[in-house]
J.: 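Questions regarding the structure given below will be posed in turn.
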Amino acid sequence: MVTENRYEPKDLEPKWQKRWEKENLFKVKEDSKKKKFYLLEMLPYPSGLIHMGHVRNYVIGDVAARYKMMQGFNVLHPMGWDAFGLPAENAAIERKIHPAKWTGDNINYMRAQLKKLGISYDWDREFATCDPAYYRWEQLIFVKMFEKGQAYKKTSLVNWCPGCQTVLANEQVENGFCWRCSSQVAQQTMSQWFFKITQYADELLKDVDEKLPGWPERVRIMQRDWIGKSEGASIDFKIDGSDEKIRIFTTRPDTLFGATFMSLACEHPMVKELAKKNGKEREIGEFAERTAKIDRDARLAGNYEKDGVFTGAYCINPVTGSKMPIYAANFVLMDYGTGAVMAVPTHDQRDFEFAKKYKLPLKVVIQPKETKLSENTMTEAYEGEGTLVNSCEFDGLLSTDAIKKISSYLAKKGIGGPAVSFKLKDWCLSRQRYWGAPIPIIYCDKCGTVPVPEKDLPVILPHDVEFTGKGGSPLSKVESFVNVKCPKCKGAAKRETDTMDTFVESSWYMFRYASPHYEKAPVEKKVVDYWLPVDQYIGGIEHAVGHLIYCRFFTKVMRDLGMLSFDEPVKNLMTQGMVIKDGSKMSKSKGNIVTCDDMVTKYGADTVRLFSLFAAPPEKDLDWNDQGIEGMHRFLLRVWRFVDSWLSLAKKTEGDAELSRMTHKTIKKVTEDIERYHFNTAIAAIMEFVNYLYQIGPEKTSKDAVESLIMIISPFAPHAAEDLWETTGNKTSTLKKPWPAFDPKMIVEDQMTIVIQVNGKLRDQINVPVDMGEDEIKTMAQKTEKARQHIEGKAIRKVIYVPKKLVNIVV
RNA sequence: GCGAGGGUGGCGGAACGGCAGACGCGCUAGCCUCAGGAGCUAGUGGAGUCAAAUCCAUAGGGGUUCAAAUCCCCUCCCUCGCACCA
């Protein structure tokens, strides 16, 4: 085979990228006549580097996008930049580059990289979230939320990251450490801005079950757990010798008669009060301090004991009237329920351990079916269901029924009632950092907290700021920014100097892509109604509870503001696996990064694209290995050479039936595999087809086979495909041609291979005409020599025939 | 601890009740070549054999079935998420 036309990705890839751009191939408009498909990959943070993890994400999306285009869909495939965030500010501190410059440079570099990969983005829709033209709308949404009470400021315990010198949302704390800098996060009482995501807790939970069938079960479970709804009751306990009450939450009101003491979180406001009253301030203060310091690791390992201090006070069990000592306990969390727990040591293991340690009374109120519990002999709490005892009028009830009966009894008596509790907390969105969207709020001594009026938006982030990374928000030192007139009374006032969490920007960007240049509102209703929701969203699993809950929340907020008319932003979600090298995730600190730039320079974009898809199915982690990519390059060369030699021969050769059968079989397999995102096996099928073509040789290959090959490889290796497509005499892009259809009739064979088993073991196979009857096949099967060897001298008990597949002879 | 997902050749992975190991990497031999980290051909789970036949093999054990990597039960191991959630 003489190769004239060499495969030179260095030349042909830029050539096609330019041509696509010139022909506006990826630019889309609303078109009511065409079915739309919105395909989105999670927008990147412009860190300045595109590594194979990014590449994989975007290539998975690009194959799907190109495939959908070829199927005739109107495909929206945008790209932008999640451009606010701490690394930019750190670069400013360390290298004296302004965050805007650092971010802008990175964006330019990364955009060039993505273009070199040939991803089918509509670049006209690109935006960076740090652009005032973007965040002005975010500020507007904030103002609207403020007006509805959905954005509010409160003083509470928040997560403080000493490394980043800012507060963090719960979703940004991983095992007690900062998601970004890994510093240990501390709890501090501070005044911060919150979004009332808990207002939507029920809907967010309900819709996980009802409206997200296209999401991976794993993500749905994580969201369900994160929202963490528990149903039960709240109950008021009067404090002995006082009019004050402590409200508790429990999922087990059926055990109320067994409550013998009460446990409070150290931070519970009543703890301080009671301590003061009973002269225990020092003792309890020390205990609280100790508890706050408990090393997160010890907590995780579970190797520290239940601990507590008696406050000196008692409360009254509202149904038994008995006095219950009130403890401050290390295992009660302030941010769940009410921070107060009624302790039922017989039916809760934690309470049991605590009661044993402090010699507190036990009282059995639930008897299980099988055994009989006794306070004196129990070695652990019984937490299961059973029949109520020692519970007055409720005796004899099943615990499941008693939960309802006691709850309504409490409600009737006005001392509690049914209640639900969520693990989900309101989203703390204020950050004491510079590089973020300013919170559009003004503080006036006279008028209080005043939102910036819509006509004054955006509140532009000032450019000239000093960066130290310490001592509060850099904005607070910019007097020209801080000092303003109150929009209401025109008196002297001060701006809020905190900025918004970067996750706010990414909570609604997918809507802005529909009309990125619209100047009257965050979204243009008509357009957003056409494109949204996102049909296919692709990104990393690490966003399962952060970003993916926030954007669902924003969808509901914006819907209720009349901006959107759907409930969920994303129909189908695919979470792709990480790219692993040398046993760990690619990261700068580990020094195991393979950059897109290096690989594209060395092998060309098509090779990189193919390999990142071939090495593993999209959801699984991908082990990067340098030899694998060589193999991919060889495969592309093989395709190239084959088409080339076919062209230099008699290129009009008609193929035989076997060739068209193979062609259509391959189209079928590749189509089905792309549909289910099994790109690795789709590529394998193309390889098999190419191997087959080499076997029969180019002289026996038909134009139809060659063109089909080029078409089915085009979503994966678009540059090479376009070039080959052109050299085979086609004028328009592969993208303008419909995806090849397979003809089921062409795939039907006139012979079929029947496997012969004896007792389930493979012994032989026969080729028979497809129309041969069952009985005939069975008879034939028993006659083959190998089958006879294994049947001989034994009685045949049964012969099983699986149509078109096998015969199993049971002896 | 709870929840989810996994465990298949030297490696990445196919098959997901019906021929285990598709496809690729790596490796071996041969061809071609001045040469090759190029290309081509053949081979490549283990035992066995000149070659076969045959037997064994999908973490381990048991079960269902004519037939199990696939379904069920138990055990072990790995990964991820949550973690004193009352």
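Letters go in sequence order (proteins before strands), and every chain restarts at 1. Given the structure is predicted, the values throughout are model-derived calculations rather than measurements.
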J.: B:C19 P sits how many Å from A:Lys786 NZ, rounded?
T.: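 Result: 17 Å.
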
J.: Choose from B:A22, B:C25, B:C66 the nucleotide whose nearest atom is closest to any side-chain atom of A:Arg634.
T.: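 Given the options B:A22, B:C25, B:C66, the side chain of A:Arg634 is closest to B:C25.
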
J.: Which heavy-atom pair separates A:Glu385 from A:Ile366 by the least distance, and what is that distance?
T.: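 That would be C-CG2, 4.0 Å.
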
J.: Rounded off to whole Å, could you give me the CZ-to-P distance for the A:Arg224 and B:C82 pair?
T.: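 A:Arg224 atom CZ is separated from B:C82 atom P by 16 Å.
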
J.: Provide, to the nearest angstrom, the distance between the CZ atom belonging to A:Phe249 and the C1' atom belonging to B:A86.
T.: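 It is 8 Å, rounded to the nearest whole Å.
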
J.: Under 3.5 Å for both donor-acceptor distances, Watson-Crick or wobble: does B:U65 have a partner, and if so which one?
T.: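 Paired with B:U65, as far as the under-3.5 Å criterion goes, is no nucleotide at all.
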
J.: Would you mind reading off the distance between A:Ile683 atom CD1 and B:G12 atom P, rounded to a whole angstrom?
T.: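 Roughly 18 Å, once rounded to whole Å.
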
J.: Hunt down the Watson-Crick or G-U wobble partner of B:A59, both distances under 3.5 Å, from any strand shown, or write none.
T.: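 In the structure as shown, B:A59 has B:U75 as its Watson-Crick or wobble partner.
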
J.: Using the C1' atom on both, measure B:C73 against B:G81 and round to a whole Å.
T.: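 Taking atom C1' in both B:C73 and B:G81, they lie 26 Å apart.
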
J.: To the nearest Å, how far apart are A:Met632 CE and B:G12 C1'?
T.: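 So the CE-C1' distance, A:Met632 to B:G12, works out to 11 Å.
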
J.: Which base sits across from B:A53 as a Watson-Crick or G-U pair, both distances under 3.5 Å?
T.: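 Partner of B:A53: none.
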
J.: Does any nucleotide pair with B:C27 by Watson-Crick or G-U wobble geometry, both distances under 3.5 Å, and what is it?
T.: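 The base-pairing partner of B:C27, which may sit in any strand shown, is B:G43.
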
J.: Tell me which nucleotide, if any, is Watson-Crick or G-U wobble paired with B:A15 when both distances must be under 3.5 Å.
T.: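 B:A15 is paired with nothing.
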
J.: With the side chain of A:Ala684 defined as its heavy atoms from C-beta on, choose the nearest nucleotide among B:A14, B:A86, B:A22.
T.: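 Minimum distance to the A:Ala684 side chain belongs to B:A22.
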
J.: To the nearest Å, give me how far apart CD (A:Glu630) and P (B:C11) are.
T.: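 In whole Å, B:C11 P and A:Glu630 CD are 21 Å from each other.
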
J.: Please determine, for the side chain of A:Lys620, which listed nucleotide (B:G13, B:C19, B:A15) has the closest atom?
T.: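 Of the candidates, B:G13 comes closest.
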
J.: Got a sec, which pairs hit salt bridge (Lys or Arg N to Asp or Glu O under 4.0 Å) with one end in residues 252-271 of chain A, sequence neighbours left out?
T.: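 Qualifying pairs: A:Arg252-A:Asp254.
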
J.: Applying a 3.5 Å limit to both distances, which nucleotide forms a Watson-Crick or G-U wobble pair with B:G48?
T.: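 The answer is none; no pair meets the criterion.
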
J.: Counting Watson-Crick and G-U wobble pairs only, both distances under 3.5 Å, name the nucleotide matched with B:C2, or none.
T.: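 Answer to the pairing question: B:G81, which forms a Watson-Crick or G-U pair with B:C2.
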
J.: Figure out the CG/P separation between A:Asn175 and B:A83, and round it to whole Å.
T.: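 Atom-to-atom, A:Asn175 to B:A83, this comes out as 7 Å.
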
J.: Looking only at side-chain atoms of A:Glu688, point me to the closest of B:A86, B:C19, B:C23.
T.: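 Nearest listed nucleotide: B:C23.
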
J.: Determine, for A:Lys229 against A:Asp202, whether the closest basic-nitrogen to carboxylate-oxygen distance falls under 4.0 angstrom.
T.: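 A:Asp202 and A:Lys229: salt-bridged.
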
J.: Relative to the ring of A:Tyr358, is the ring of A:Tyr327 parallel (under 30°), tilted (30 to 60°) or perpendicular (over 60°)?
T.: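 Aromatic pair A:Tyr327/A:Tyr358 classed tilted.
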
J.: In this structure, is the centre-to-centre distance between the rings of A:Tyr603 and A:Phe611 below 6.0 Å?
T.: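 No.
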
J.: Any strand is fair game: report the nucleotide pairing with B:G36 by Watson-Crick or G-U wobble, both distances under 3.5 Å, or none.
T.: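 When the pairing criteria are applied, nothing turns out to pair with B:G36, so the answer is none.
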
J.: Does A:Asp621 or A:Gln757 map to a spot on RNA chain B nearer the 5' end, using the closest nucleotide for each?
T.: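 The residue mapped nearer the 5' terminus is A:Asp621.
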
J.: Tell me: CD of A:Glu785 to C1' of B:A53, nearest whole Å?
T.: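 It works out to 11 Å between those atoms.
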
